[in-house]
Amino acid sequence: MEGINWVDLFTAMDKFLLAIVARNAFMVYVVLAAIFFSETGLVFMAFLPGDSLLFVAGFLASDAGGHRLPALPIVAAVAFVAAVVGDQVGFWFGRKLGPALFTRPDSRLFKQQNVVKSHAFFERHGAKTIVLARFVPVVRTFTPVVAGVSEMHYRTFVKFNVIGGFLWAVGITTLGYFLGQIDVVKNNIEIAIVLVIALSLLPVAIEFVKHRRQAKRAVDPVLTDAD
């Protein structure tokens, strides 16, 4: 879209969304749906913002946001449908591609380690991974694909997909809506966005630390015995 600074999608999400609304209010639905669908359904779009964008959309739909975005139920519904459909596409992509996904070479937009991590997450948590992964960046993109590769029962996947999509999309937008009405948040939205991003990355950081510790134990038997 001409005149829209797409860098703001990552650096100033509130300005990014408001710039779209200023040009065409309806287009904000299209853009939000496209981003949430792509971030959950297309493996090469795992870098797109999820949690933080949901939070900002909810904030801008509140009184604090000056009603500059459509009402919360509409924003939440758009995000929910896009997220659920995105996971469905990811699931069928995994079913279609199958084990070949695990031998696909790395590229600038695709990292094999993300598939491996998502598979390990899936193996550890089972079907509830579909819900839990919603709140873990990158993992949420690859988990439905891994579920498809693993030939997870389709009805089970759909059930957990809908539950996870609702908790994630509706839950975080609603959180942004109500927290946005608190003065300290309303007056420091940039800091709030950074905190949301930090919290969303916390599970990734924890998994990274666990992986490093396990790797050290594998090469240092003394460390294992000491534990």
Side-chain angles (χ1 to χ4, degrees), residues 9-10 13 32-59 61 72-73 75-95 101 111 113-150 152-179 192-193 195-208 210:
L9 174 59
F10 301 93
M13 297 175 193
L32 286 174
I35 291 174
F36 295 130
F37 167 80
S38 299
E39 199 253 354
T40 57
L42 305 178
V43 294
F44 52 87
M45 289 293 185
F47 62 88
L48 288 173
D51 305 325
S52 51
L53 188 58
L54 285 170
F55 181 86
V56 171
F59 168 78
L72 174 67
V75 175
V78 168
F80 168 68
V81 172
V84 170
V85 173
D87 262 28
Q88 291 294 130
V89 171
F91 179 85
W92 288 112
F93 178 78
R95 275 279 178 93
L101 182 67
K111 299 298 180 184
Q113 64 178 357
N114 291 331
V115 180
V116 175
K117 289 179 181 178
S118 298
H119 186 265
F121 198 90
F122 186 84
E123 287 291 314
R124 184 159 60 252
H125 298 290
K128 64 181 179 180
T129 299
I130 308 303
V131 175
L132 298 176
R134 285 287 187 183
F135 300 89
V136 184
V138 179
V139 172
R140 67 169 153 259
T141 304
F142 288 89
T143 293
V145 179
V146 172
V149 173
S150 303
M152 181 179 186
H153 192 275
Y154 184 62
R155 287 188 178 180
T156 301
F157 173 80
V158 171
K159 178 177 71 173
F160 284 100
N161 180 22
V162 171
I163 293 172
F166 181 84
L167 293 176
W168 183 66
V170 178
I172 297 182
T173 52
T174 302
L175 181 67
Y177 179 86
F178 286 107
L179 289 184
I193 293 172
L195 288 176
V196 170
I197 294 174
L199 288 174
S200 69
L201 292 176
L202 186 59
V204 177
I206 293 174
E207 288 298 317
F208 177 76
K210 286 182 178 179

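FYI, the numbering just counts along the sequence from 1.
In this structure, V138 and F142 have side chains that are in contact, with non-hydrogen atoms separated by less than 4.5 Å. Residues T143 and D87 have side chains not in contact (no heavy-atom distance under 4.5 Å, counting atoms from C-beta outward).
When the side chain to side chain contact (heavy atoms under 4.5 Å, CB included) test is applied to V131, the partners found at least two apart in sequence or on another chain are F160, I163, L167. Evaluation of the ring-ring contact (aromatic ring centres under 6.0 Å, His included) rule for Y154 yields F91, W92 as partners, not counting sequence neighbours.
Residues A79 and A169 approach most closely at C-CB, 3.7 Å, considering heavy atoms. Of all heavy-atom pairs between L72 and G58, the closest is CD1-CA, 4.4 Å.
A distance of 5.0 Å separates CZ of R134 from CG of N161, quoted to the nearest 0.5 Å. Atom CH2 of residue W168 and atom OG1 of residue T173 lie 10.0 Å apart, to the nearest 0.5 angstrom. To the nearest 0.5 Å, atom CZ of residue F55 and atom CG of residue L175 are 5.5 Å apart. Going from atom CG of L54 over to atom CZ of F80 covers 12.5 Å, rounded to the nearest 0.5 Å.
Sorted by first and then second residue, the salt bridge (Lys or Arg N to Asp or Glu O under 4.0 Å) pairs with a member in residues 157-179 form an empty list; sequence neighbours excluded. Listed by first and then second residue, the salt bridge (Lys or Arg N to Asp or Glu O under 4.0 Å) pairs that reach into residues 160-176 come to none, sequence neighbours excluded.
Side-chain atoms of R95 do not come within 3.5 Å of backbone N or O of A147 as any donor-acceptor pair.
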Solution key, residues 34-49 side-chain donor-acceptor pairs under 3.5 Å, sequence neighbours excluded:
from : atom 1 : to   : atom 2 : distance (Å)
S38  : OG     : A34  : O      : 2.7
E39  : OE1    : R140 : NE     : 3.1
E39  : OE2    : R140 : NE     : 2.8
E39  : OE2    : R140 : NH2    : 3.2
T40  : OG1    : F36  : O      : 2.7
T40  : OG1    : F37  : O      : 3.3

